[in-house]
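Position 1 is the first residue of the sequence; numbering continues from there. A quick note: this is a predicted structure, and the numbers were derived from the prediction, not measured. The basis for the numbers below is simple: all heavy atoms, side chains too, and nothing from hydrogens, waters or symmetry mates.
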Amino acid sequence: DGGDGDGAMADAAAWLREVVSSEHGLVLVLCGAGMSADSGVPVYNDVARVDAYERRGLTYRELSTPRMLERDAALFWGFWRSCHDTYA
């Protein structure tokens, strides 16, 4: 990042302080898998680590593609159902 990461974080923190102290005071934070994993929430890759999928040599990336939907709709929807059930 060119050694500029700390400056970017400081800028983001300053912006966040300004938004929170504004009249609205509301912030929506969206985060990626890294924060979820650190919090103990399973990431999709972990959800896809199932013996039945591994025996077939299937990865998360393969299970979640439109190509898999065309190839094996039941498997595709079963995978996404298991993801939903994990987070519900």
Checklist line | Partner set under side-chain hydrogen bond (donor to acceptor under 3.5 Å, both in side chains) for S82, not counting sequence neighbours | finding: none
Next item on the list: Please list, chain by chain and in numerical order, all residues satisfying side-chain hydrogen bond (donor to acceptor under 3.5 Å, both in side chains) with R49, sequence neighbours excluded.
Entry: D46
Notebook entry, point to check: Considering all heavy atoms of both residues, which atom of W80 and which atom of S64 are nearest to each other, and what is their separation?
Noted result: CZ2-CB, 3.4 Å
Note to self: Can you classify the ring geometry of Y60 versus F79 as parallel (below 30°), tilted (30 to 60°) or perpendicular (above 60°)?
What the structure shows: tilted
Checklist line | Close side-chain approach of T59 and E54, heavy atoms under 4.5 Å | finding: no
Item checked: For A14, all residues meeting side-chain contact (heavy atoms from CB on, under 4.5 Å), sequence neighbours excluded -> R17
Notebook entry, point to check: Side chains of P66 and F76: does their closest heavy-atom pair fall under 4.5 Å?
Noted result: no
Notebook entry, point to check: Taking atom CG of L63 and atom CG of L69, what is their separation to the nearest 0.5 Å?
Noted result: 12.0 Å
Next item on the list: Just jot down the side-chain contact (heavy atoms from CB on, under 4.5 Å) partners of A52, sequence neighbours excluded, or say none.
Entry: V50, R55
Checklist line | With R71 via salt bridge (Lys or Arg N to Asp or Glu O under 4.0 Å) - residues at least two apart | finding: none
Next item on the list: Go through the structure and list residues passing salt bridge (Lys or Arg N to Asp or Glu O under 4.0 Å) with R61, not counting sequence neighbours.
Entry: none
Next item on the list: Would you indicate whether the side-chain heavy atoms of L16 and V20 approach each other to under 4.5 Å?
Entry: yes
Check: Is R67 paired with D72 through a side-chain N to carboxylate O contact shorter than 4.0 Å?
Finding: no
